[in-house]
Amino acid sequence: MDGENEEEDGGAGEAQITADDLRGALEAEDLKRELPEQDWETLTVGDDKVGVRCLLKAKVFVKAMVQSTGHKYDEANEICREAVLKRGLYELFSFVGQEERARDKEEDAELLIESAFGPIRKKTDQDGAAGPAAGFVKGGRKSPLSRNSREWE
């Protein structure tokens, strides 16, 4: 990869799948191979389009997580591929309401990414995530909402 498609904003941009990402891309069949046939049929409710959608959601999510660590998403990378498959399984289990099994797959995907690329930045991270202060409250005067406040007249 020649770096032409790299984000210039340090990974804080949108997680879009590019043409480079699709070379050797994972397909729903790859996700299907992760499960017994009966489970696939149950989780997709007999519609392979559900599996395709879950895989696409997984790719976008994993790309965003990898970029949040400051690294470039590369579907040819075995860690990214495995994380996408784990997150795809999460999406499938979540789709049919099997939340406990879904959470296990989500944790697996996050652990894999963090082990290979470092901590995943989340919107709840405190190091400047809230941004600078936009104002402050100056004390010393009574509120105009207080009863008997003559200072504001």
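Values below: all heavy atoms of this structure, side chains included; hydrogens, waters and symmetry mates excluded.
- Residue S68 comes nearest to I120 through the heavy atom pair OG-CG2, 3.4 Å, listed as atom of the first residue, atom of the second, then distance.
- In terms of hydrophobic clustering, with Ile, Leu, Val, Met, Phe, Trp and Tyr side chains grouped at heavy-atom distances under 4.5 Å, I79 and L26 are assigned to a common cluster.
- When every heavy atom of V66 is checked against every heavy atom of C80, the shortest pair comes out as CG2-SG, 4.2 Å.
- Taking hydrophobic clusters as Ile, Leu, Val, Met, Phe, Trp and Tyr residues chained together by side-chain heavy-atom distances below 4.5 Å, V62 shares a cluster with F95.
- Taking CD of E91 as the start and NZ of K86 as the end, the distance is 15.0 Å to the nearest 0.5 Å.
- In the hydrophobic cluster analysis, where Ile, Leu, Val, Met, Phe, Trp and Tyr join through side-chain heavy atoms closer than 4.5 angstrom, L111 is grouped apart from I113.
- Between R103 and E107, no side-chain nitrogen of the basic residue sits less than 4.0 Å from a carboxylate oxygen of the acidic one, so the salt-bridge criterion is not met.
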Inset, instruction - Walk me through it: do E27 and D30 pass the test side chain to side chain contact (heavy atoms under 4.5 Å, CB included)? - result: CA-CA 5 Å; E27 297 179 0; D30 297 310; 4.0 Å; yes

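- The shortest non-hydrogen separation linking A109 to A83 is CB-O, 3.8 Å.
- Between the side chain of D47 and the backbone N or O of T44 there is no donor-acceptor pair closer than 3.5 Å.
- Side-chain contact between R81 and E75 is present, with heavy atoms from C-beta onward closer than 4.5 Å.
- Of all non-hydrogen atoms in G51 and W40, the two that sit nearest each other are CA-CH2, 3.6 Å.
- Only one option out of D39, L31, L55 pairs with L89 in a side chain to side chain contact (heavy atoms under 4.5 Å, CB included); it is L31.
- The distance from the CE atom of M65 to the NZ atom of K122 is 8.0 Å, given to the nearest 0.5 Å.
- One finds no salt bridge joining E34 and K105 here, because no Lys/Arg side-chain nitrogen approaches an Asp/Glu carboxylate oxygen to under 4.0 Å.
- With salt bridges taken as basic N to acidic carboxylate O contacts below 4.0 Å, none links D104 and R101.
- Tracing side-chain contacts under 4.5 Å through hydrophobic residues (I, L, V, M, F, W, Y), one never reaches L85 starting from Y90; they form parts of separate clusters.
- Here the straight-line distance linking atom CG of D48 with atom CZ of R53 works out to 16.0 Å at 0.5 Å rounding.
- Remark: F117 engages H71 in a ring pair (Phe, Tyr, Trp, His ring centres under 6.0 Å) (not counting sequence neighbours).
- Atom CG in L43 sits 12.0 Å away from atom NZ in K32 (nearest 0.5 Å).
- The line from CZ of R87 to CD of E110 is 7.0 Å long, rounded to the nearest 0.5 Å.
- Of the inter-residue distances, the one linking L56 atom CG with K59 atom NZ reads 6.0 Å to the nearest 0.5 angstrom.
- By the 6.0 Å contact criterion, CD on E100 is open, its count of non-hydrogen atoms from other residues, nucleotides or ligands being 12 or less.
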